[in-house]
Amino acid sequence: MNWNTENDFFPVIRKDRKVQTMIQHKVDGVEYLTFHNLEQLPDFSHLFSTRIGGVSDGIFSSMNLSFTRGDEKDAVLENFSRIAKILGISPKQFVLSDQTHTDHIHVVTKEDAGNGLTKPLPYHDIDGLITNVPGVALSTFYADCVPVFLIDPVHKAIGLCHSGWKGTVLEIGLKTVRKMEQTYGSTPQDIYAAIAPSICQDCYEVSEDVIIEFQKVFLTDVSSGTDCGYPDGMEKILYMKKENGKYQLNLWNACYYTLLKAGVLDEHIEVTDICTCCNPQYLFSHRASQGKRGNLGAFLMIK
């Protein structure tokens with residue numbers, strides 16, 4: 001962790017494939033991150049929040065975006081208001097997910113504006129959101145799991161999904177692309193994607209039962225002739241076995257290959273180089289804090 005006297009942050013990075021450092025911003029004290037490839041699409045706005053620039057205290061300090069972990073409601077509402085100001089919208093324009101590690105994707109309409117923030121959620125068990133409605137901000141939340149941003153600039157449609165290990169095994173990134181194809185006529189080759197800050201392989205130790213689930217989905221079964229749609233040798237890309245019998249799992253690579261399988265072009269995919277667990281003073285991490293934390297937010301909208 002590197003900090004200077006002004007508390008500017010220089011993130012600990014993990015580079016295991018071609019990646020580009022994210023763009024860091026500071027507006028009215030709120031620090032947030034954006035992607036180079038998505039910044040080049042002028043009809044869309046996106047950001048990934050950090051811990052810096054909110055009003056929450058203690059373990060939620062300071063930009064906590066969760067109402068369910070014990071923080072003061074008014075503090076969380078103020079934090080959302082600060083994110084809204086950066087996006088140039090009203091809090092009534094946010095549409096929140098209801099994440100339970102599923103592969104369920106909700107098609108957002110203009111009637112959904114405010115869901116989960118200024119009015120109750122009418123849906124449950126939603127880890128992915130898509131829309132072609134301008135002015136509504138898709139919103140998903142994190143503290144180690146992988147955020148996946150998707151933008152189709154041709155059909156002016158977007159998708160945002162929460163991909164923890166369960167969502168990744170369910171290929172929620174691929175399924176979100178397919179949902180955009182079915183709903184908006186999107187072509188995968190037109191889609192730009194970004195995989196945002198989350199836990200890196202060095203920090204993500206899992207048990208063998210998790211690896212078995214990944215093997216079922218990502219490895220070609222030679223004995224049965226089943227083609228999983230992923231390249232040979234995926235085990236080297238996905239995980240590394242340790243002497244203690246545990247494994248180090250690479251969710252970044254898993255999500256990246258899921259997007260390639262969906263048909264998204266390699267040159268349209270930007271992968272994070274920032275780990276939440278390596279940077280617990282700047283980003284919330286469930287693992288680093290042993291569950292004592294708030295939530296980060298990923299936000300995506302059509303202007």
Side-chain angles (χ1 to χ4, degrees), residues 1 3 7-9 11-12 22 24-34 46-87 89 91 94-101 114-118 120-121 124 126-127 129 137-149 160-167 195-200 203-204 251 272 274-300:
M1 182 75 61
W3 299 78
N7 282 343
D8 290 332
F9 172 73
V12 177
M22 296 179 71
Q24 295 175 269
H25 306 262
K26 188 172 185 178
V27 177
D28 295 331
V30 177
E31 298 189 23
Y32 62 95
L33 304 167
T34 61
H46 78 286
L47 69 83
F48 188 75
S49 71
T50 72
R51 295 187 63 162
I52 311 303
V55 299
S56 297
D57 294 322
I59 62 172
F60 308 112
S61 176
S62 64
M63 182 55 76
N64 168 45
L65 297 167
S66 172
F67 290 101
T68 62
R69 303 196 66 82
D71 196 3
E72 295 291 334
K73 181 179 180 180
D74 287 345
V76 180
L77 288 171
E78 173 60 24
N79 292 340
F80 270 99
S81 294
R82 296 185 179 197
I83 297 293
K85 184 178 180 181
I86 292 169
L87 291 170
I89 62 173
F94 287 111
V95 179
L96 276 57
S97 54
D98 183 54
Q99 297 165 194
T100 53
H101 298 277
N115 281 351
L117 189 62
T118 59
L121 280 174
H124 300 285
I126 295 296
D127 285 78
L129 301 167
L138 306 186
S139 312
T140 53
F141 304 96
Y142 304 90
D144 283 337
C145 292
V146 184
V148 180
F149 291 78
L160 186 61
C161 62
H162 163 260
S163 189
W165 80 258
K166 291 181 180 178
I195 294 169
S198 38
I199 195 166
C200 73
C203 293
Y204 196 35
L251 289 179
T272 188
I274 302 173
C275 170
T276 47
C277 192
C278 289
N279 298 290
Q281 290 179 268
Y282 192 67
L283 302 167
F284 289 115
S285 168
H286 186 83
R287 187 158 291 210
S289 68
Q290 299 182 337
K292 298 176 182 179
R293 47 82 179 176
N295 272 355
L296 306 164
F299 302 94
L300 179 61

Next on the checklist: Test of understanding: with salt bridge (Lys or Arg N to Asp or Glu O under 4.0 Å), list the residues that count as partners of K292, not counting sequence neighbours.
Outcome noted: none
Checklist entry - Listed by chain and number, what are the salt bridge (Lys or Arg N to Asp or Glu O under 4.0 Å) partners of E78, not counting sequence neighbours? => result R82
Next on the checklist: For L283 versus P197, what's the shortest heavy-atom pair and its separation?
Outcome noted: CD1-CB, 4.1 Å
Next on the checklist: Once side chain to side chain donor-acceptor pair (under 3.5 Å) is applied, do any residues pair with D74, and if so which ones, sequence neighbours excluded?
Outcome noted: none
Checklist outcome for this item: Here the gap from D98 atom CG to T68 atom OG1, rounded to the nearest 0.5 Å, amounts to 9.5 Å
Next on the checklist: Looking at R287, is its backbone amide N or carbonyl O close enough to the side chain of R293 to form a donor-acceptor pair, meaning the two atoms are under 3.5 Å apart?
Outcome noted: no
Checklist entry - Mind checking what makes side chain to side chain donor-acceptor pair (under 3.5 Å) contact with K166, not counting sequence neighbours? => result none
Checklist entry - Could you walk me through whether C161 and D127 pass the side-chain contact (heavy atoms from CB on, under 4.5 Å) check? => result CA-CA 6 Å; C161 62; D127 285 78; 5.9 Å; no
Item to check | Test side-chain contact (heavy atoms from CB on, under 4.5 Å) applied to F94 and L65, step by step | outcome: CA-CA 12 Å; F94 287 111; L65 297 167; over 6 Å; no
Item to check | Distance, nearest 0.5 Å, that separates CG of L296 from OH of Y282 | outcome: 10.5 Å
Checklist outcome for this item: Residues L96 and L129: closest non-hydrogen pair is C-CD1, 4.2 Å
Next on the checklist: Taking side chain to side chain contact (heavy atoms under 4.5 Å, CB included) as the definition, give me every residue that meets it alongside A75, ordered by chain and number, with sequence neighbours left out.
Outcome noted: V55, S56, D71, E72
Checklist outcome for this item: Tightest non-hydrogen contact, residues P91 and L117, listed as O-CD2, 3.4 Å
Next on the checklist: Restricting to non-hydrogen atoms, name the atom on S66 and the atom on V76 that form the minimum distance, rounded to 0.1 Å.
Outcome noted: O-CG2, 3.3 Å
Checklist entry - Do the side chain of N79 and the main chain of N64 share a donor and acceptor less than 3.5 angstrom apart? => result yes
Item to check | Contact check, side chains of C145 and Q99, non-hydrogen atoms, under 4.5 Å | outcome: no
Checklist entry - Does H162 have any ring-ring contact (aromatic ring centres under 6.0 Å, His included) partners at least two apart in sequence or in another chain, and if so, which? => result H101, Y142
Next on the checklist: Treating S49 as the side-chain partner and G297 as the backbone partner, does any N or O pair qualify as donor plus acceptor under 3.5 Å?
Outcome noted: yes
Checklist outcome for this item: One should read off an interatomic distance between E31 CD and I86 CD1, to the nearest 0.5 angstrom, of 10.0 Å
Checklist entry - Looking only at heavy atoms, which two atoms of F299 and F149 are closest? And how far apart? => result O-CE2, 3.4 Å
Checklist entry - With sequence neighbours left out, what residues match F60 under ring-ring contact (aromatic ring centres under 6.0 Å, His included)? => result none
Checklist entry - Out of F141, F284, F67, which one pairs with N295 under the side-chain contact (heavy atoms from CB on, under 4.5 Å) rule? => result F141
Checklist entry - Which residues satisfy the side chain to side chain donor-acceptor pair (under 3.5 Å) test with S61, sequence neighbours excluded? => result none
Checklist outcome for this item: Shortest non-hydrogen pair, C277 vs I199, comes out as CB-CG1, 3.9 Å
Checklist entry - CE of M22 to OG1 of T34: how many Å apart, nearest 0.5 Å? => result 6.5 Å
Checklist outcome for this item: side chain to side chain donor-acceptor pair (under 3.5 Å) filter on S139, not counting sequence neighbours, yields none
Checklist entry - If you measure from OG on S97 to CG on L121, what distance do you get to the nearest 0.5 Å? => result 8.0 Å
Checklist entry - For the side-chain contact (heavy atoms from CB on, under 4.5 Å) test, which of I52, I83, T50 pairs with M63? => result I83
Checklist entry - Any side-chain heavy atom of P280 sitting closer than 4.5 Å to one from S289? => result no
Checklist entry - Does S198 reach the main-chain N or O of A196 with its side chain, forming a donor-acceptor pair under 3.5 Å? => result yes
Item to check | Partners passing ring-ring contact (aromatic ring centres under 6.0 Å, His included) against F48 (at least two apart in sequence or in another chain) | outcome: none
Checklist entry - From L300 CG over to L138 CG, what is the distance, rounded to the nearest 0.5 angstrom? => result 5.5 Å
